[in-house]
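Just so you know, these numbers come straight off a predicted model, no measurement behind them. So you know, we letter chains A, B, ... as the sequences are listed, proteins then strands, and number each from 1.
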Amino acid sequence: MNKYRSHNCSELSEKEINKSVLLSGWLHRKRDHGNLLFLDLRDHFGMTQCVIENNNKYFPVLEKSKPETVLKISGIVVKRTSGTENLDLKTGKIEISIKSVEILSSAKELPMPVFGEQEYPEEIRLKYRFLDLRREEMHNNIILRSKVISFIRSEMLKLGFLEYQTPILTSSSPEGARDFLVPSRLNPGKFYALPQAPQQFKQLIMISGFDKYFQIAPCFRDEDARADRSPGEFYQLDIEMSFVEQNDIFEVVEKLMVNLFNTFSSKKMLSEKFPKIPYEDAMNKYGTDKPDLRNPLIIQDITEIFNRDDVKFDIFKKLVKSGSIVRAIITKNTKDKPRSFFDNIDKWAKEQGASGLAYFTIEKDEEIKGKGPVGKFFSQEALKQIMKICNAEVGDSIFLACGNKKEIEKILSLARNKIAQSLNLIDKNLFAFCWITDYPMYELDENSKKIIFSHNPFSMPQGKLSELNFQKPLAIKAYQYDIVCNGIELSSGAIRNHLPDLMYKLFAVAGYTKKDIDDKFSGMINAFNYGAPPHGGIAPGIDRIVMLLAGKENIREVTLFPMNQNAQDLMMQAPSEVNEKQLKELSIKKDIKN
RNA sequence: GGGGGUGUAGCUCAGUUGGUUAGAGCGCCUGCCUGUCACGCAGGAGGUCGCCGGUUCGAGCCCGGUCACUCCCGCCA
């Protein structure tokens, strides 16, 4: 017999009536009638109502106990009389008639109540995280996270993968995010870095002949936070496979995601076969490489219209002559929307830093014409051509943006979301996955005008290796891909480059010498010279998957002990000062500028 | 590094054009109450209006600065 309980707080029912039971839990809520007191006892599993009358010697003790006191209650299971049952509660047909009570741990007055669904400031929630986590919604989010992780583990094992741990203390890498550094006592002046991801290790695991790897891997990046991005640390489902092509990886991940999302959510999937969208198409049609496919709006290029003589929209025509392009978003059957709808979108676009969004509606009386501020600039023939390009009909409206490719992609991808939200076009009960494929190997850095890797420098370029044109690096595509769900990037991955000679050439384009690579990636590059299998992988973000499944917009809602935006743990008070002795041992001197 | 939002009781918030003693709900304390489940009723305590400075006869309110939290941009191969 357990010292604290015979049952948990959710399992008693009419079956146990008249039984003596022992329950332990938190005092969730008290209803004090003076001579009769009800209390809800709560634990991880649920809630049970207990009742005590003033003839019981423990009555005054309970009357004085504050919420969240931890109690051990012994009593008899009693059937509730009809009319006093609470069917919202699993144990609502019975209650415990209290015989005796022991206070296991008392609680002070709470900085934030556990009871109820009121919102509380982030600062208090983080400082008193243990209280926040007792609240039903947070508690359930964390349980969901745990179940998701075990489900993933068991599915991956079923798919023939094995889980391997990789080092947490490793070496700093020149590419990518800022590293978290850890000073080495035994090697004064030298530092370990926490892994931004186990990238090189998982490739080394393949080279070591293990074939299929996965890990629920902690990753550390010293970059600024966002709502969907923890500062410092996060978890990836890290995957790597040997002797595979891109599609083999897609198959595994699709199977896993479909299974996972169907198991943990009642929302439907737009398609269980995830569409594959080349990067270039995604940028053209959605203006972004993480499109929300629940949103039916598509961006169309209508630059050619502005070369017509019967189009009088001089501002745009002038810009087009000097190289700008014009792209449009069509909204179906919006001719009756009030003027304010259109103006709000235009105003919003200006707030986003764009020069605004021009718009008009296609109407027809005698002939087809454009209605709205810029509608008069288009002839009937021009409108017909627009309708043909955009697959638009009378009654539809058109939003236009003009500028260089990058500007337009940015504003129209935002506008696509904004307009869809305004028109309520996004089905919230849907998961829409897709693959974005064929990323360019390189891109031009805006500031330095240098060629840099656009994604992962260890990726395999596409095409016959003998025919790769290193003179035109921006045209080289890679076997690189992202998986996106509802506009959220879950992960990127790649087929890796396992050929050292090719790797030297690819890095040379981005300005790295052979020595740079030999120094910085010594472990991996050395291994490639002793027989490396073709391999590839991916690493979906666990936190974001759980966010999607829990329907939460903020990563802290699905993280047990998160840090705040300034990368501070308000509960543990990290980071903190350390004493001089520790610093001395590590050969470190502080030099703080302010 | 930059931009936006917020900051008034333990918590959620209201506070008019700058004008007497800054309010409400929840929580807390006291009393009453034997069928509640957001129990009810009566009473009470609780405030450096984030902080510093300025304008003014007078500042929660206006101005400048600063701090905290948050959202976004940059950043995150």
From the options B:C71, B:C69, B:G74, select the nucleotide whose nearest atom is closest to the side chain of A:Arg229.
B:G74

By nearest nucleotide on RNA chain B, pick out whichever of A:Glu119 and A:Gly34 is the more 5' one.
A:Glu119

So with a 6.0 Å cut-off around CZ of A:Phe250, is the heavy-atom count from everything else above 12?
yes

Going by ring centres under 5.5 Å and near-parallel planes (under 30°), is A:His33 stacked on B:C39?
yes

OP1, OP2 of B:G35 versus side-chain N and O of A:Asn86: anything below 4.0 Å?
no

Please list, for nucleotides 3-10 of chain B, all pairs of protein and nucleotide N/O atoms separated by less than 3.5 Å.
from: B:G10; atom 1: O2'; to: A:Pro111; atom 2: O; distance (Å): 3.4

Under 4.0 Å between a side-chain N or O of A:Arg31 and OP1 or OP2 of B:C39?
yes

Say you pick atom P in B:C29 and the same atom in B:G10; how far apart are they, in whole Å?
15 Å

Counting any heavy atom closer than 4.0 Å, what does A:Ser492 reach on the DNA or RNA strands: base, sugar-phosphate only, or nothing?
nothing

OP1, OP2 of B:C29 versus side-chain N and O of A:Lys66: anything below 4.0 Å?
yes

Between A:Leu204 and A:Gly523, what is the shortest heavy-atom contact and its length?
CD2-O, 3.8 Å

Taking only N and O in the side chain of A:Arg80, is any of them less than 4.0 Å away from OP1 or OP2 of B:C37?
no

Counter-base of B:U6, judged by Watson-Crick or G-U geometry with both distances under 3.5 Å
B:A68

Please confirm whether A:Tyr481 and A:Tyr439 have ring centers closer than 6.0 angstrom.
no

Under 4.0 Å, counting only non-hydrogen atoms across every strand here, what does A:Asn564 touch: a base, just sugar-phosphate, or nothing?
sugar-phosphate

Using a cut-off of 4.0 Å on non-hydrogen atoms, how would the nucleic acid contact of A:Asp222 be classed: base, sugar-phosphate, or nothing?
nothing

Out of A:Asp222, A:Thr170, A:Asp179, which one pairs with A:Gln196 under the side chain to side chain donor-acceptor pair (under 3.5 Å) rule?
A:Asp179

Pairing partner (Watson-Crick or G-U wobble, both distances under 3.5 angstrom) of B:C75:
none

Could you tell me whether the phosphate oxygens of B:U34, OP1 or OP2, come under 4.0 Å of any side-chain nitrogen or oxygen in A:Asn35?
yes

Quick one: label A:Tyr120 by what it contacts on the DNA or RNA (base, sugar-phosphate, nothing), any heavy atom closer than 4.0 Å.
sugar-phosphate

Counting Watson-Crick and G-U wobble pairs only, both distances under 3.5 Å, name the nucleotide matched with B:C62, or none.
B:G54

Now, which nucleotide makes the Watson-Crick or G-U wobble pair with B:U21, with each of the two distances under 3.5 Å?
none

Expected output: side-chain A:Asn56 to main-chain A:Lys99 donor-acceptor under 3.5 Å
yes

Is there a donor-acceptor contact under 3.5 Å from the side chain of A:Arg496 to the main chain of A:Gly536?
no

Closest nucleotide among B:G1, B:C76, B:U70 to the A:Arg221 side chain:
B:C76

Looking at B:C69, I'd like to know if its phosphate oxygens (OP1 or OP2) sit under 4.0 Å from a side-chain N or O belonging to A:Gln568.
yes

Nearest-Å distance once atom C1' is located in both B:U30 and B:U12
25 Å

Looking at B:C33, B:U70, B:U34, which one has an atom nearest to any side-chain atom of A:Asp32?
B:C33

Does the ring of A:Tyr213 carry A:Lys202 above it, NZ/CZ under 6.0 angstrom from centre and within 45° of its axis?
no

Taking the side chain of A:Thr84 as its heavy atoms from C-beta onward, which of B:C11, B:C37, B:G27 lies nearest to it?
B:C37

If you measure from the C1' atom in B:G74 to the same atom in B:C28, how many Å do you get, rounded?
47 Å

Determine the interatomic distance between P on B:G27 and the same-named atom on B:C37; round to the nearest Å.
13 Å

Looking for any heavy atom pair under 4.0 Å, which part of the strands does A:Gln565 touch: base, sugar-phosphate only, or nothing?
base

Under 4.0 Å, heavy atoms only, any strand: does A:Asn55 hit a base, just the sugar-phosphate, or nothing?
nothing

Assign the ring pair A:Phe521 / A:Phe507 to parallel, tilted or perpendicular, where the plane angle (0 to 90°) is split at 30° and 60°.
tilted

Between the base of B:G35 and the side chain of A:Glu95, is there a donor and acceptor pair under 3.5 angstrom?
yes

Using atom P in both nucleotides, what's the gap between B:G65 and B:A45 to the nearest angstrom?
41 Å

Return yes if some donor-acceptor pair links the side-chain N/O of A:Arg145 with the main-chain N/O of A:Val558 below 3.5 Å, else return no.
yes

Contact class for A:Arg556 (heavy atom, under 4.0 Å): base, sugar-phosphate, or nothing?
sugar-phosphate

Whether A:Asp543 side chain and A:Tyr235 backbone form a donor-acceptor pair below 3.5 Å:
yes

Tell me whether the OP1 or OP2 atom of B:U36 has a side-chain N or O from A:Gln49 closer than 4.0 Å.
no

Looking at B:C41, which nucleotide sits across from it as a Watson-Crick or G-U wobble partner, both distances under 3.5 angstrom, or is there none?
B:G31

Is there a side-chain polar atom (N or O) of A:Arg226 under 4.0 Å from OP1 or OP2 of B:C73?
yes

Counting only side-chain N and O atoms of A:Asn566, is one of them less than 4.0 Å from OP1 or OP2 of B:C69?
yes

In whole angstrom, what separates A:Asp289's CG from B:C76's P?
14 Å

Interatomic distance at P, B:U6 relative to B:C62, whole Å
11 Å

What is the nucleic acid contact for A:Phe115, judged by heavy atoms within less than 4.0 Å: base, sugar-phosphate only, or nothing?
sugar-phosphate

Using the C1' atoms only, state how far B:G18 lies from B:A59, rounded to an integer number of Å.
6 Å

P-based separation of B:A22 from B:U16 [nearest Å]
15 Å

